[in-house]
Chemist: 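Below you'll find the structure I mean.
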Amino acid sequence: METIQLKIKSKFVSKYKSGYPLIQKEALLNVQALKEEGTLLSLSDEKNQFIGKGYYGRQNKGLGWILTRNEKERIDQEFFNKKMWEAVKKRDSFYQSTETNAFRIFNGEGDGIGGLVIEYFNGYYLIQWYSKGIYQFRDYILAALKTTVDYKGIYQKKRFDTQGKYLDDDDFVTGERGEFPLIVKENGVSFAVYLNESAMVGVFLDQREVRKAIRDTYAKGLKVLNTFSYTGAFSVFAALGGAEKTTSVDLANRSLSKTIEQFSINHIDYEAQDIIVEDVFNYFKYAGRKNLKFDMVILDPPSFARSKKFVFSAEKDYKNLLKEAIAITEKGGIIVASTNASSFGMEKFKGFIEDAFKETGGGYKILEQHSLPEDFRTIKEFPEGDYLKVAFIRKL
Ligand code: SAH
């Protein structure tokens, strides 16, 4: 395969030399050299000093990823086998668990190959391809996965669009077809998962530790409001932790049947819980009018969303979301504030919390905070990959 030579602008050289893996358009002197996604790239500085080898694949984040900084290393079957084996080995304790059988085994650049994510769901693997470029390495990557692990079946999702959007397709790749819902376990709790339905499978694995903390440490006896609830995963953990009642609110029609299903497979009477299909911002108004108060309010919005009436951007609007939550949280109650926006870090997020409480005139205390769990491996050279920020805040 042809390798394209790319030159890094001098002001970006030290960043790339110290390990930054994402190939950004603004760092390149000769972007026009890029033709077909999936081509191998060799990056050097203006004096032709070697920096790294990578591939061309367009994502909203950038134009590709560096794969090695060793000029002699070839990007061949052996390369992919080694990366896969190292990644799987690092998840050994997850494979050994009897309580959990859903986890991420390959986390993009955190495991050395940006644009590639693989998750394990009770015998099945789901590969997510984040660009046409990485998909060109499909045969290598599939072969590497097959030689490294035992599996019942393998599914895939193509998220090629530059927005990371999902292309609708039959997602089955090889092995046995699964029967859906596939029931997986997380810390002893069941989740119904659909690998062949849409971009999202029914559960976001990155919140595993947050769900556990809600169940094990906080939920007992509380009235819990779960906003942006999707399939109600936080509500299920709260109910199993002894919450007095949960209220789940999500705009999407599918969230009603999906949440009923998650409660039911965990033997929780869903009729004793509230599941509301509505815009969260309308619900806050309604709760305000009715003077409803909750002991725990969970906030887990998408980083960007457009509904009929509102456009929500975490970076611009999180502070106001917190103010809405503060207004309907009991004194002494808890707000679980979460964001997956990679455009800002924990310090800025804490700034939103500080400002929201200041503007509503109350005190607060951060009880605990979370970032990505261990199976979502990240590297310090790419801090934006460590996107998850969660704070448990007590309203004083
Ligand atoms: N907290 C969920 C994941 C949230 S995914 C979990 O733990 O599994 C984001 C969800 O927000 C989606 O289900 C989407 O339908 C919902 N959503 C987006 N904008 C919304 C709005 N304005 N009001 C209510 N729900 C919204």
Side-chain angles (χ1 to χ4, degrees), residues 102 104 119 121 163-166 181 184 186-187 189-194 197-215 218-219 224-241 243 246-263 265-266 273-287 296-318 320-322 324-325 328 335-342 370 372-373 376 387-392:
R104 185 167 284 200
E119 289 178 336
F121 295 98
Q163 304 300 316
K165 261 198 224 127
Y166 164 75
V184 305
E186 178 185 286
N187 291 309
V189 177
S190 298
F191 281 128
V193 160
Y194 296 80
E197 201 167 82
S198 73
M200 304 193 287
V201 303
V203 58
F204 292 101
L205 300 177
D206 54 0
Q207 298 279 10
R208 183 187 305 114
E209 285 164 11
V210 179
R211 287 189 280 266
K212 187 171 191 299
I214 288 173
R215 180 189 66 185
Y218 297 99
V224 176
L225 174 65
N226 179 12
T227 63
F228 307 94
S229 55
Y230 182 42
T231 60
F234 287 126
S235 307
V236 169
F237 270 72
L240 292 171
T246 67
T247 301
S248 305
V249 182
D250 195 291
L251 188 61
N253 284 320
R254 58 159 195 245
S255 66
L256 176 61
S257 57
K258 297 274 185 193
T259 304
I260 290 176
E261 180 177 43
Q262 303 295 16
F263 278 128
I265 61 172
N266 286 290
Q273 315 292 327
D274 278 342
I275 307 168
I276 299 171
V277 177
E278 201 187 352
D279 193 306
V280 163
F281 297 96
N282 285 336
Y283 185 79
F284 282 131
K285 291 206 184 75
Y286 162 83
M296 173 180 270
V297 176
I298 301 167
L299 303 173
D300 183 29
S303 43
F304 188 84
R306 194 186 295 277
S307 65
K308 279 197 200 101
K309 288 198 198 138
F310 307 96
V311 178
F312 176 85
S313 134
E315 186 150 14
K316 276 194 359 269
D317 303 318
Y318 211 106
N320 286 329
L321 179 63
L322 280 161
E324 303 266 22
I328 60 166
I335 296 171
V336 180
S338 170
T339 179
N340 57 10
S342 53
H370 292 263
L372 286 172
F376 284 62
Y387 60 85
L388 186 69
K389 297 162 277 294
V390 184
F392 284 62

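All of these numbers come straight from a predicted model, not from anything done at the bench. One-based numbering, in listed order, for ligands and for the atoms of each.
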Chemist: Among all protein non-hydrogen atoms, which one is nearest to atom 7 (O) of ligand 1, and what is the separation to 0.1 Å?
Modeler: F234 CE1, 3.3 Å

Chemist: Which ligand 1 atoms does E278 reach within 4.0 Å, using its non-hydrogen atoms?
Modeler: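 That gives atoms 23 (N), 24 (C) of ligand 1.
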
Chemist: Check whether any heavy atom of P302 sits under 4.0 Å from an atom of ligand 1.
Modeler: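 True for this residue.
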
Chemist: Is the shortest side-chain N to carboxylate O distance from R254 to E197 below 4.0 Å?
Modeler: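 The answer is no: the pair does not qualify as a salt bridge.
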
Chemist: Ignoring hydrogens, what is the shortest heavy-atom contact between R208 and P373? Give both atom names and the distance.
Modeler: NH1-CB, 3.9 Å

Chemist: Please state which protein non-hydrogen atom is closest to atom 5 (S) of ligand 1 and give its distance, to 0.1 Å?
Modeler: F204 CE1, 3.8 Å

Chemist: Can you confirm whether the side chains of S338 and Q207 place a donor and an acceptor under 3.5 Å from each other?
Modeler: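 The answer is yes; a qualifying pair exists.
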
Chemist: Once you restrict to heavy atoms under 4.0 Å, what part of F228 touches ligand 1? Side chain, backbone, both or neither.
Modeler: both

Chemist: Before we go on, tell me: are the rings of F204 and Y230 under 6.0 Å apart, centre to centre?
Modeler: yes

Chemist: Identify the heavy atoms of L251 and V277 that sit nearest to each other, and give their distance.
Modeler: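 Distance-wise, the nearest heavy atoms are O-CG1, 3.4 Å.
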
Chemist: In terms of residue, atom name and distance, what is the protein heavy atom nearest to atom 25 (N) of ligand 1?
Modeler: L251 N, 3.1 Å

Chemist: Can you check whether Y286 and Y283 have ring centres sitting under 6.0 Å from each other?
Modeler: yes

Chemist: What protein heavy atom is closest to atom 23 (N) of ligand 1, reported as residue, atom name and distance in Å?
Modeler: V280 N, 2.9 Å

Chemist: Which residue and non-hydrogen atom of the protein lie closest to atom 10 (C) of ligand 1, and at what distance in Å?
Modeler: D250 OD2, 3.4 Å

Chemist: Could you tell me whether M200 approaches ligand 1 through its side chain, its backbone, both or neither, with non-hydrogen atoms closer than 4.0 Å?
Modeler: neither

Chemist: Can you tell me which residue and heavy atom of the protein come closest to atom 8 (O) of ligand 1, and the distance to 0.1 Å?
Modeler: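 For atom 8 (O) of ligand 1, the nearest protein heavy atom is Y230 CD2, 3.5 Å.
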
Chemist: Would you kindly specify which portion of K258 sits under 4.0 Å from ligand 1, judged on non-hydrogen atoms: side chain, backbone, both or neither?
Modeler: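 K258 to ligand 1: no contact under 4.0 Å from either part.
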
Chemist: Side chains of S235 and S248: any donor to acceptor distance under 3.5 Å?
Modeler: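 Distance-only check passes for S248 and S235.
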
Chemist: Among protein heavy atoms, which sits nearest to atom 6 (C) of ligand 1, and what does the distance come to when rounded to 0.1 Å?
Modeler: D300 OD2, 3.9 Å

Chemist: Assert yes or no for the condition that the ring centre distance of F304 to F312 is strictly below 6.0 Å.
Modeler: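 So the answer is no for these two rings.
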
Chemist: Heavy-atom contact check, 4.0 Å cutoff: does T231 meet ligand 1?
Modeler: no

Chemist: Using a 6.0 Å distance limit plus a 45 degree cone around the ring axis, check whether K258 lies over the aromatic ring of Y194.
Modeler: yes

Chemist: Could you identify the single nearest non-hydrogen protein atom to atom 22 (N) of ligand 1 and state the distance to 0.1 Å?
Modeler: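 Checking every protein heavy atom, the shortest distance to atom 22 (N) of ligand 1 gives D279 OD1, 3.3 Å.
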
Chemist: Atoms of ligand 1 less than 4.0 Å from R254 heavy atoms?
Modeler: 12 (C), 13 (O), 15 (O)

Chemist: Is the shortest heavy-atom distance from the side chain of P301 to the side chain of L321 under 4.5 Å?
Modeler: yes

